[in-house]
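The structure appears below as structure tokens.
Each chain gets a letter, A, B and so on, in the order its sequence line appears, and its residues count up from 1. Note that the structure is predicted; figures quoted are calculated from it, not measured.
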Amino acid sequence: MFSRAYRTAITLPPLLWVVVFLLIPYALLFCFSFWSVSPAQTIVHSWTLDNYRELLRVNVYFQTVFRSMWIAARVMLFSLLLGYPLAYYLSFHAGRRKELFYQLVIIPLWVSYLVRAYAWKTILGSDGVLNTLLQYVHLTQHPLDFFLYSPFAVVLTLTHIYTPFAFLPIYASLEHIPRHLVEASQDLGASPFQTFWKVIFPLSIPGVVAGATFAFVLSLGDFLAPLLLGGPSGIMISNIVVSLFGAAYNWPLGAAISFCMMVLVVALLFMSERLEKKWSFR
Amino acid sequence: MVLTNTESASSSPAKLGPQTLLSIRNVAKSFGRTPVLRDISLQVAEGEFLTVLGESGSGKTTLLRIIAGFETADSGEVWMEGQRLDALPPYRRRVNTVFQHYALFPHLTVEENVGYGLKVARLPKEQSMSRLEHALAMVKMTAYAKFKPGKISGGQQQRVALARALINRPRLLLLDEPLSALDANLRRQMQVELKSLQREVGISFVFVTHDQEEAMVMSDRIALLRRGELEQVASPREIYSHPATAYAAQFIGQTNLLSGEVSGGAARCKSLTWPVKLPDGSALFSLRPENIRVAPGKTDSDSVRFRGKVIRQAFHGATELLQIECADGLLLSMRMASRQNYQGNLLLEFSPEDAIPVRKSQEAEKGL
């Protein structure tokens, strides 16, 4: 049907992309995770399971993974709690203002992530906006220092950054609900509350799952927010990987952690896809 | 808008009594600047099967949505059983709807769909179970109780939608072109089923369709809607045999529209003349093709005789539709039994009482 040249021409770019940006890096990562570092700070290219043993042996790695997941779980929860009502309002009740509100939700996405993280630093810091306000209204006498450099600051910042990511798929799934289903529910005597819980919410579950996955996975791998706002108690797993690849110069251990995280994320994405499929009916 | 005198002479079933259930009073509705309904007044009797018939854009669905509560009329009132219906939200009205594309909940099984109304009304379990079983049996869907709507056919979805609406024992059932998505055979079968079901449950039906044949087969009365105005409200027989307007005559069945001049008790159209009881002036008459016949040998003093040439013949199964050209150039359609080839010049006739005077509709009529 199509000439061989044409088929080659359209297959080559995606193939190159996959090989150069996915296969080679992941293969390298995989290999590194079984190598080691010599006392002379060179990479020893002989196979060993030492890196994975180290991961199981040292508690800090496990603790940090759990803390990262706990932070990501909270970000996911708060993003959904903020994103869902917003998406619901926009989809069902915003009327002619729909487009405007939609753009307002999207606009922050055009602003650099770094800028937004820094903004929270100036808000939460000891002479930041929040402390100044609290002192101004005489709620506190001295600046409170627990806002910044804590898991709280990380969760707050990540929630702010990732809520639009949770919002978008939820909004899309709500927009896809045929409006005559909502009318049918009302017609059969369901109050607006009943209609929401029995028809609208179940049909929006694929969007909720997708939004939750975005918020969780993106937060789990985040390293800028904990770096800028987390302090020692807010360190996440990516910070450890960064330092292992940097100052600590232990690429093999860093690669082992990365590889484990990648397996975890792929498993999550797989589960999320299963859930979405189970709840979609079109 | 004129409600014709046929309104009172409606053929609502006598056994159920003519008591008015729903009363639509002077309802008007516009979308933006486009008027969709103008001053509609219409009554639905207890146990009546009323069809709102109209072309797309005639406002029939809007009228239905106003009764259901999904649209609000700009003016006018809707009453049911001595209560303002239009003051209630859709979920408080004892009215249920069968939607055009059924609107079954895709995430619920057939059983859960049908039981939805009982569940949101928090009916006791035993009671709702028996009603559910009965409703599923009524539409012969018991075997499919655990299926999701995506797994059953269009006709089955239709029946589920019907059971889901009827299980709530509404006072009034609204049906928005529920048969339009079915193929022709299934549609005819469902017409019969729906009609007998309606007799069985004794609930008033307001049925919306653009299909005049469907309206004729099923309805006690037809309300013919055109551009947001009622043309005629009457029983199918009445509306067919005595159409009030040229539009009604043309929309329901086929007809010959004769534009004539009346003077001194006689109407004249080209070379045809027949006696009428109308004041002088111009008038429009509807003459059904089946009311023109080949003149028998003997002279019937009452009938109007004329000669015509067959110029076209269309086979319709049981009948043939002939195009006749009269000597004066007048073109007429006539319906004959399917027998043979009709050819050449024929001596034809019709009875004067079959030429029904109709009101002109607002703009130029479409030709035959």
Side-chain angles (χ1 to χ4, degrees), chain A residues 80 84 87-89 91-99 169-212 271-282, chain B residues 32 61 64-65 67-71 88-109 112-123 128 135 147-151 157 160-178:
Chain A
L80 291 180
Y84 198 104
Y88 179 74
Y89 176 80
S91 184
F92 283 90
H93 298 290
R96 261 177 292 164
R97 291 179 299 256
K98 206 182 216 175
E99 266 305 303
I170 296 172
Y171 178 74
S173 74
L174 289 173
E175 283 286 280
H176 273 110
I177 296 176
R179 291 313 191 249
H180 58 242
L181 293 184
V182 177
E183 288 180 350
S185 173
Q186 294 177 346
D187 188 77
L188 294 165
S191 67
F193 258 105
Q194 288 173 315
T195 298
F196 176 78
W197 284 114
K198 286 173 187 295
V199 177
I200 297 172
F201 185 72
L203 292 176
S204 69
I205 285 177
V208 173
V209 171
M271 269 165 51
S272 136
E273 184 144 329
R274 290 282 296 269
L275 260 179
E276 272 182 63
K277 280 235 176 74
K278 186 167 176 264
W279 281 94
S280 53
F281 301 93
R282 272 177 290 271
Chain B
T61 295
L64 202 74
R65 291 173 61 80
I67 303 172
F70 303 130
E71 302 282 356
L88 301 172
Y91 53 93
R92 295 252 163 77
R93 301 184 183 199
R94 289 203 61 193
V95 170
N96 286 119
T97 308
V98 176
F99 291 83
Q100 187 169 11
H101 299 291
Y102 320 134
L104 297 180
F105 304 122
H107 59 301
L108 302 180
T109 61
E112 288 164 337
N113 263 284
V114 175
Y116 189 87
L118 303 182
K119 194 159 184 199
V120 297
R122 300 201 174 85
L123 216 70
S128 64
F147 283 52
K148 291 270 169 70
K151 301 279 182 223
Q157 289 181 27
V160 173
L162 201 59
R164 184 179 71 171
L166 284 174
I167 199 170
N168 307 297
R169 298 179 181 160
R171 301 292 290 124
L172 180 66
L173 188 72
L174 308 175
L175 303 102
D176 187 8
E177 306 222 20

Region of [X] that comes under 4.5 Å of a non-hydrogen atom in chain A:
| X | value |
| --- | --- |
| B:Val98 | neither |
| B:Leu104 | backbone |
| B:Asn96 | both |
| B:Arg164 | both |

Chi angles and distances behind the ring pair (Phe, Tyr, Trp, His ring centres under 6.0 Å) call for A:His93, A:Tyr88: CA-CA 8 Å; A:His93 298 290; A:Tyr88 179 74; 5.5 Å; yes
Most contacts with chain A, counted as non-hydrogen pairs under 4.5 angstrom, among B:Ala103, B:Pro170, B:Pro149: B:Ala103
More than 12 heavy atoms of other groups within 6.0 Å of [X] [atom1]:
| X | atom1 | answer |
| --- | --- | --- |
| A:Glu273 | CD | no |
| B:Lys119 | NZ | no |
| A:Arg179 | CZ | yes |

Any B:Glu112 side-chain heavy atom under 4.5 Å of B:Thr109 side chain: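 Contact flag for B:Glu112/B:Thr109 side chains = yes.
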